[in-house]
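Hydrogens, waters and symmetry mates play no part in the numbers below; they use all other heavy atoms, side chains included. Ligands are counted one by one from 1 in listed order, and the atoms in each one are counted from 1 as well.
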Amino acid sequence: MDTVRYQPRNLLITGGCGFIGSNFIRMLLQNFQDSLPEIRICNLDKLTYAGNPENLIEIESNHRYQMIQGDITDSTLVKHVLKDQQIDTVINFAAESHVDRSILDSTPFVQTNINGTQVLLDAARRENVKCFLQVSTDEVYGSLGDEGFFTEETPLAPNSPYSASKAAADLLVRSYCHTFDFPAIITRCSNNYGPYQFPEKLLPLFIANAQRDQSLPVYGDGKNIRDWIHVSDHCRGILAALQMGRAGEVYNFGGCCELQNIRLTELLLEILDKPKSLITYVEDRPGHDRRYAIDCSKAERELGWEPEVDFEFGLRETVAWYLSNQEWIDHVCSGEYREYYNRQYRQDS
Ligand code: NAD
Ligand code: DAU
C-alpha cells in the first residue's frame with residue numbers, strides 16, 4: 001500500500017447536503033480531525049429536492065465548515081468560491097442522481113451532471129486546483145450478464161439518461177487530464193446504503209413504505225442484481241483515492257455484496273418483522289440494467305482500501321436509523337417528493 005501523497009487543505013465539496021456528500025463531510029470533521037487538522041470545508045449545494053441542510057445539523061457551527069447555497073453550473077459563482085476560499089481541492093458529488101427521474105426528464109441531468117462538471121473543471125483549471133475528484137458510478141459501465149465484474153478497463157456503455165450524463169462527465173474529466181495535464185481522479189462506486197439517503201431510492205423507500213404497511217413496488221421480476229456498499233466504506237474510499245490515488249486514474253469501489261432486489265426486499269421485511277404480502281411486482285423500469293458487480297482489486301492494491309461493513313450488520317443498523325429518524329423522513333417526503341411519488345407509482349392524491 002502507498003503512503004499518503006496528498007493532504008487536502010481548503011476543500012470544495014459540491015452536493016454536500018445530499019446522501020453521500022453529507023456522510024463524507026461528517027466523516028471528515030468527526031473522524032479525521034486529528035489526521036486532517038488543517039482542513040476547511042466549503043460545501044456548495046443548490047439544495048434541490050435531494051439536498052437537505054438538516055443532514056449536517058451537527059456540524060453547522062463547526063468553524064472549519066461553511067455552506068454556500070448555489071449551482072455548480074453558475075460559472076461566476078464557482079470562480080468566486082474557488083478564489084475567495086483559496087480552494088486547493090474539489091470533490092464533485094453534486095448531481096441529479098436518480099435513474100427513474102432521468103427517464104421522466106433528462107434535462108436537469110444534462111445541465112448539472114455534464115454542464116456543471118465542465119464549469120467546475122474549467123474554473124478549477126484556471127485557479128490551479130491541486131486535486132479534483134469526480135465522484136462517479138458503476139452504472140457508466142452498463143449491465144453485466146450472469147458472470148464477470150466491472151473493472152476500470154471495462155468500456156463505458158451507459159444505458160439510462162442518468163448514467164449517460166455521468167459517463168459524459170467522466171469523459172470530460174478524462175479529456176482534461178489528457179489535454180491539460182489536469183490533476184483529476186475518478187471514482188466509480190456501486191449502490192450505497194446507509195443513513196440520510198433520500199427515500200426515492202430502493203432501501204429507504206421500502207423501509208418507509210413497510211413501516212406504514214404500504215406496498216413495496218418491486219420492478220419487473222425482482223431478479224436484477226445490485227452490489228451493495230455501506231456509505232461509510234464509499235466515503236473512506238473517496239478519501240483514500242484523494243490522498244493516495246494517482247492523477248488521471250479511475251478507481252472502482254464495491255461492497256462485494258451482490259443481491260437480487262427480491263432477496264434484499266425479503267431480508268428487509270424479515271428485519272422489520274413485516275409480511276411478504278407487502279411485496280407488489282410492478283411494471284419494470286425501462287432499460288433496467290440487469291446486474292452490477294465490481295472488481296475493486298485496484299483500489300485494494302493501490303489505496304489499501306477494502307469494504308469493511310458487514311452487509312447484514314449494516315442493513316440492520318440502517319433500518320434502525322430510519323426507524324428512529326421519522327421526523328427526518330417526514331421533512332424530506334413533504335412537497336415535491338409527494339408529487340414525484342404519485343407520478344412514478346401512479347397513485348392519486
Ligand atoms: P443525492 O441526490 O442524495 O445528492 C445530490 C446533491 O447534489 C444534493 O444535495 C443536491 O442538492 C446537490 N445538487 C444537485 N444539483 C446541483 C447543482 N446543480 N449544483 C449544486 N448542487 C447540486 O445524491 P447521492 O446519492 O449523494 O450521490 C452523490 C454522488 O455520488 C453523485 O454524483 C452520484 O452520481 C454518485 N454516486 C451515487 C451512488 C449511490 O448509490 N447513491 C453510487 C455511486 C455514485
Ligand atoms: O450503482 C450506483 C447507482 O446506484 C448510483 O449511481 C445511483 O445514483 C443510485 O441511485 C443507484 O442507482 P439504482 O438505480 O441502482 O438505485 P435504485 O435505488 O433506484 O434502485 C435499486 C434497484 O431497485 C434497481 O434495480 C431498481 C430497483 N427498484 C428501485 C425502486 C426505486 C425497484 O425494484 N423498485 C423501486 O421502487
Side-chain angles (χ1 to χ4, degrees), residues 13-24 43-53 55-56 68-74 77-78 91-103 108-109 111-113 115-117 119-120 134-141 143 150 158 160 162-163 165-166 169-170 187-194 196-206 209 215-229 231 234 238 252-255 259-262 264-265 279-285 288-292 294 332 341 344-345:
I13 291 185
T14 69
C17 291
F19 166 45
I20 306 174
S22 63
N23 275 285
F24 185 78
N43 172 12
L44 176 63
D45 197 301
K46 184 178 175 182
L47 299 183
T48 66
Y49 76 94
N52 183 357
N55 295 357
L56 287 166
I68 296 174
Q69 181 173 3
D71 192 324
I72 59 165
T73 65
D74 180 343
L77 171 70
V78 169
I91 305 184
N92 184 24
F93 289 95
E96 288 292 335
S97 68
H98 191 37
V99 173
D100 292 326
R101 284 184 190 253
S102 79
I103 295 167
F109 289 76
Q111 281 163 353
T112 289
N113 301 2
N115 298 344
T117 302
V119 166
L120 289 171
Q134 174 72 2
V135 181
S136 187
T137 168
D138 61 354
E139 298 203 9
V140 299
Y141 297 123
S143 186
F150 296 134
S160 70
Y162 160 70
S163 54
S165 68
K166 293 294 289 184
D170 285 10
T187 60
R188 297 187 179 134
C189 190
S190 63
N191 285 62
N192 286 219
Y193 70 97
Y196 299 99
Q197 185 169 31
F198 193 85
E200 64 189 351
K201 308 284 165 58
L202 180 80
L203 267 171
L205 173 71
F206 282 14
N209 282 14
S215 66
L216 311 189
V218 172
Y219 294 160
D221 64 3
K223 293 190 177 152
N224 300 67
I225 292 176
R226 295 293 181 266
D227 171 3
W228 294 93
I229 180 173
V231 64
H234 184 193
I238 290 170
N252 284 351
F253 301 123
L259 269 182
Q260 286 189 342
N261 292 338
I262 188 63
L264 175 60
T265 308
I279 296 172
T280 313
Y281 288 94
V282 299
E283 196 181 326
D284 207 355
R285 170 186 282 175
H288 197 175
D289 284 337
R290 193 62 172 170
R291 174 172 168 257
Y292 302 147
I294 295 276
V332 297
Y341 190 88
Q344 175 68 12
Y345 300 100

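Contacts between P108 and ligand 1 below 4.0 angstrom, taking non-hydrogen atoms only, are absent altogether. When heavy-atom distances to ligand 1 are checked against a 4.0 Å cut-off, L47 comes that close only through its backbone atoms N, CA, C and O. If you look at R188 next to ligand 1, there are no close heavy atoms at all, none under 4.0 Å. With a 4.0 Å heavy-atom cut-off, ligand 1 is reached by the side chain of Y162 but not by its N, CA, C or O. Heavy atoms of D138 found under 4.0 angstrom from ligand 2 belong exclusively to the side chain. Counting heavy atoms under 4.0 Å from ligand 2, residue N261 touches it through the side chain alone. When non-hydrogen atoms are compared, ligand 1 lies under 4.0 Å from the backbone of I20 as well as from its side chain. The backbone and the side chain of S97 each have at least one atom closer than 4.0 Å to an atom of ligand 2 (non-hydrogen atoms only). Counting heavy atoms closer than 4.0 Å to ligand 2, residue V282 contributes nothing at all.
E200 counts as a contact of ligand 2, since one of its heavy atoms falls under 4.0 Å from the ligand.
For atom 42 (C) of ligand 1, the nearest protein heavy atom (residue, atom name, distance) is S190 O, 3.3 Å. At the top of the distance list for atom 43 (C) of ligand 1, counting protein heavy atoms only, stands C189 O, 3.3 Å. The nearest protein atom to atom 10 (C) of ligand 1, hydrogens excluded, is given as T48 OG1, 3.3 Å; this is a heavy-atom distance.
Near N191, the atoms of ligand 1 lying under 4.0 angstrom from a non-hydrogen atom of the residue are 40 (O). Shown in contact with L205 at under 4.0 Å from a heavy atom are these atoms of ligand 2, numbered in order with element: 36 (O).
Inclusion of S97 in the set of residues having an N or O under 3.5 Å from an N or O of ligand 1 is warranted. Ligand 1 has an N or O atom lying under 3.5 Å from an N or O atom of T112, backbone or side chain. Annotation: H234 places no N or O atom under 3.5 Å from an N or O atom of ligand 1; distance criterion only. At least one N or O atom of K166 sits closer than 3.5 Å to an N or O atom of ligand 1. Between N92 and ligand 1, not a single N/O pair is under 3.5 Å apart.
Considering R291, R285, H98 only, the shortest heavy-atom separation from atom 14 (O) of ligand 2 involves R285. Nearest-heavy-atom check against atom 5 (C) of ligand 1 across A95, G51, S165 picks out A95. For atom 25 (O) of ligand 2, the choice among R290, E139, H288, K201 with the nearest heavy atom turns out to be H288.
In this structure, the ring of F24 has its center less than 6.0 angstrom from the ring center of F93.
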